[in-house]
There are 2 protein chains.
Amino acid sequence: MVKRVTIKDLAANMGVSSGTVHRALNGKPGVGDELRERILETAREFGYRPNYVASSLKRKTLRIVAAFPGSTEQNRYYYTYVWQGFRDCMEELQDYNLQVIEIPYYNTMNVQGHELTAVLERYNHEIDGLITVGHAHDERGEQAIRQFIQQGIPVMLTCDDLHDSGRMGCVQANYELTGRMVAELLSSQLPENSSVLIGAGDIMVPSHYGIIQGFDAYIKENEISLKTVKVHGYKDEEEISMRMREYLNSDPSIRAIYSVNARGSVMIGKLVKEMGLAGKLRVIGSDLFDENAANMKAGILNNIIYKNPYQQAYLATRRLLDYLIKGEKPIEDVKYVESVVLFNSNLSMYL
Amino acid sequence: MVKRVTIKDLAANMGVSSGTVHRALNGKPGVGDELRERILETAREFGYRPNYVASSLKRKTLRIVAAFPGSTEQNRYYYTYVWQGFRDCMEELQDYNLQVIEIPYYNTMNVQGHELTAVLERYNHEIDGLITVGHAHDERGEQAIRQFIQQGIPVMLTCDDLHDSGRMGCVQANYELTGRMVAELLSSQLPENSSVLIGAGDIMVPSHYGIIQGFDAYIKENEISLKTVKVHGYKDEEEISMRMREYLNSDPSIRAIYSVNARGSVMIGKLVKEMGLAGKLRVIGSDLFDENAANMKAGILNNIIYKNPYQQAYLATRRLLDYLIKGEKPIEDVKYVESVVLFNSNLSMYL
DNA sequence: CTGAAAGCGCTTACAG
DNA sequence: CTGAAAGCGCTTACAG
């Protein structure tokens, strides 16, 4: 192995001090343009590669803010794993001289925004990076995210994106492909001219309607004789459950049920159990958590669509830190994490 | 954030030198038993956590040997991704002062063993870790692996295990659960009393027969009316292809074909194409590489079982390095990487 | 068995 | 704009 080229080597070679080399390489002020160019040129020539392990040792602590919904109530289905992915990544890179500020927030609307603005004040705007969720239709939250970006703080989003906000990137599931995949799975399992009853969630939520769009597109493009019966809605479970029950009672062509979200999956689990439909229909739920896992083991759910929130948050955090520690900007703007079909047989591997 | 506790803090507190604290914490010789105990106690009390970033800076370079089949010919289907997983992990942790020695070997039998023994000689036994594959029934290879272990060199295996060799761990696919999952998938797609034609591979290869065992067990345990027609064999493709063709011509109950390995998947792809059976049978291949991907896009393969060799090698490497850098022993002896069912719809996410 | 010193490859004040 | 020095938290010889 060739000896590693260091800043000292470059400095000696050029007859300047190592401080000057450092300033030149890192774009810091205080080096003449001509000298800076020559140093950069020499670094390239010598194949210099910075040692980030060493550089983290002396530089000031990087302060990272993470803001996600607190994992209570309905949010625990998903955000428990988002927090875990974030923490595991921070833990792994802890020795790189990092400080974490965790902001769990507890009401979806506006609270995210208020908390974020508050933390910016509290730390006197000395924050090096933010990772959070781009909730659609949360004005206050979006405004706060833009505030960070305007301060020059790099912002990484996960789960949901805000395309034109200026964030450095987003790591999320590919909702359209997820919907296509479910359509492909069901069309391989159901006889011709069957119907699928879909708990389609909120038409304003990207993670819900994206899936539906993909599902419909797959069926149309492949000219499949699968019909869909969609029940929209999100918050009022009682009412949605009632409407689903009516469809199940009145439409004998329904051979499968699918919920695009976690909350709806718990509901259809209950419904299938109450109506004694287990094993008579194909039933597909979304997201992995206790209730869904139990229903799968009991034969009430046949498949679970797992969007891997842990991995989404882990990778988003990783990208933010790679940028802050190494200056590496992610190649793609948006990174999609694979959605996976779980079966009863391999459920245990994901728990 | 509380200031990090360092070796210096501990030394000052105890009135000893930082060298002594270092020796005590790392189990190095040259500290009295009584003093060592007191230092360890104080470290616990103060919540001391070593900074591995700092420790890598001055310590001697860790020399890691990686030995996998070279990714040519049939091996490129799988081992290309094994090498990639290994390299990406090494790349990520490069700043921790590591040296890599790559040993690709080109004939499966015995060559692995010869190469490994040779490298041990060449570096005068000064090797800090080995990552390789536990090929079953390769006497010479197994012998060499044991040789490393006897020298006290930690050995991590991937893809295939050698249980009683004393290796520190193995990261691999769970073949039995993979077989069960395929049985579950097919039984949800095929009408009653169908048969599945299975390219069952080599009965001596764990990654082949493990899948078959899982498949059969699922069918038996769940009393499913699925029959299997198995064609064993591995090397002689012509002959296997011929036998499969005969079954397909003579047994009309066959509604699906499945190959447990990469090589067989290419073969069944050809067969289905030649016999004009695309779309008439469910066809499931194994492993992700150009030929399989192309066949999937063309509608010849319906699903691919992806065992994620990249992730297997990445995680195995990671575990070895976590041990060498941080002294963290993996909790589980064997770590299983999830096998995933790929669909045409989400294939693009894995390429 | 223990200490004092040098140094890994950087970054950060400070002085000029 | 540039240099010299100190130091991040460790590890590694060397001396006693």
Side-chain angles (χ1 to χ4, degrees), chain A residues 1-39 43 46-62 93-99 126 128 324-327, chain B residues 1-39 43 46-62 93-99 126 128 324-327:
Chain A
M1 196 181 59
V2 210
K3 211 202 143 290
R4 176 161 209 154
V5 179
T6 70
I7 278 191
K8 226 164 129 187
D9 298 331
L10 296 178
N13 180 272
M14 303 207 54
V16 296
S17 75
S18 61
T20 301
V21 175
H22 169 247
R23 285 186 287 264
L25 292 173
N26 294 279
K28 308 235 164 175
V31 203
D33 285 349
E34 195 253 356
L35 179 55
R36 164 169 278 139
E37 259 321 307
R38 274 177 43 225
I39 290 175
F46 278 61
Y48 171 76
R49 287 194 31 169
N51 185 331
Y52 301 107
V53 158
S55 73
S56 75
L57 217 48
K58 181 73 180 160
R59 70 146 157 64
K60 77 180 202 337
T61 301
L62 294 173
L93 299 179
Q94 237 215 79
D95 286 352
Y96 283 90
N97 197 2
L98 309 171
Q99 181 189 359
E126 289 181 344
D128 298 292
L324 291 173
I325 294 173
K326 311 191 179 178
Chain B
M1 195 180 61
V2 210
K3 212 201 143 289
R4 176 162 207 151
V5 179
T6 72
I7 277 191
K8 224 164 129 189
D9 298 332
L10 296 179
N13 180 272
M14 304 209 53
V16 297
S17 76
S18 61
T20 300
V21 175
H22 169 246
R23 284 187 287 263
L25 292 173
N26 294 279
K28 308 235 165 176
V31 203
D33 285 348
E34 195 255 355
L35 178 55
R36 163 168 277 136
E37 258 323 308
R38 274 176 44 226
I39 291 175
F46 279 59
Y48 171 76
R49 285 196 30 167
N51 185 332
Y52 301 106
V53 158
S55 73
S56 76
L57 217 49
K58 181 74 180 159
R59 73 147 155 63
K60 77 181 202 333
T61 302
L62 293 173
L93 300 179
Q94 235 213 79
D95 286 352
Y96 283 90
N97 197 2
L98 308 171
Q99 181 189 358
E126 289 180 347
D128 298 292
L324 291 172
I325 295 172
K326 310 191 180 178

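Within every chain, numbering begins at 1; the chains are lettered A, B, ... in the order of the sequence lines, protein sequences first and strands thereafter.
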Report task. Check whether any side-chain nitrogen or oxygen of Ser17(A) sits under 4.0 Å from OP1 or OP2 of dG3(D), and answer yes or no. Result -> yes
Requested in this report: Using a cut-off of strictly less than 4.0 Å between a heavy atom of the residue and any atom of DNA chain D, enumerate the qualifying residues of residues 48-60 of chain B by number.
Outcome: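 Tyr48(B), Arg49(B), Pro50(B), Asn51(B), Ala54(B), Ser55(B), Leu57(B), Lys58(B), Arg59(B), Lys60(B) - these, ordered by number, are the residues of the stretch whose heavy atoms sit under 4.0 Å from the strand.
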Query raised in the report: Just one of Asp95(B), Thr61(B), Asn97(B) clears the side chain to side chain donor-acceptor pair (under 3.5 Å) bar with Arg4(A), so which one?
Result: Asp95(B)
Query raised in the report: Mind checking what makes side chain to side chain donor-acceptor pair (under 3.5 Å) contact with Asp9(B), not counting sequence neighbours?
Result: Thr6(B)
Starting from [atom2] on [N], measure out to [atom1] on [X] and report it in whole angstrom.
X	N	atom1	atom2	answer
Ile39(B)	dC1(C)	CD1	C1'	11 Å
Ile325(B)	dC8(C)	CD1	P	20 Å
Lys8(A)	dA4(D)	NZ	P	14 Å

Query raised in the report: Which listed nucleotide (dG3(D), dG3(C), dC10(D)) is nearest to the side chain of Arg23(B)?
Result: dG3(C)
Report task. Among the candidates dC10(C), dT12(C), dT2(C), find the nucleotide nearest to the side-chain atoms of Leu35(B). Result ->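 For the Leu35(B) side chain, the nearest candidate turns out to be dT2(C).
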Query raised in the report: When you match Val5(A) and Gly15(B) each to their closest nucleotide on DNA chain C, which lands nearer the 5' end?
Result: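 Residue closer to the 5' terminus by nearest nucleotide: Gly15(B).
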Query raised in the report: So what stems show up for DNA chain C if we need 3 or more Watson-Crick or G-U pairs in a row, all under 3.5 Å?
Result: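 Stems found: C:1-3 with D:14-16, C:5-12 with D:5-12, C:14-16 with D:1-3.
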Query raised in the report: Under 4.0 angstrom, heavy atoms only, what part of the nucleic acid is Gly30(A) near: base, sugar-phosphate, or nothing?
Result: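 It contacts base atoms.
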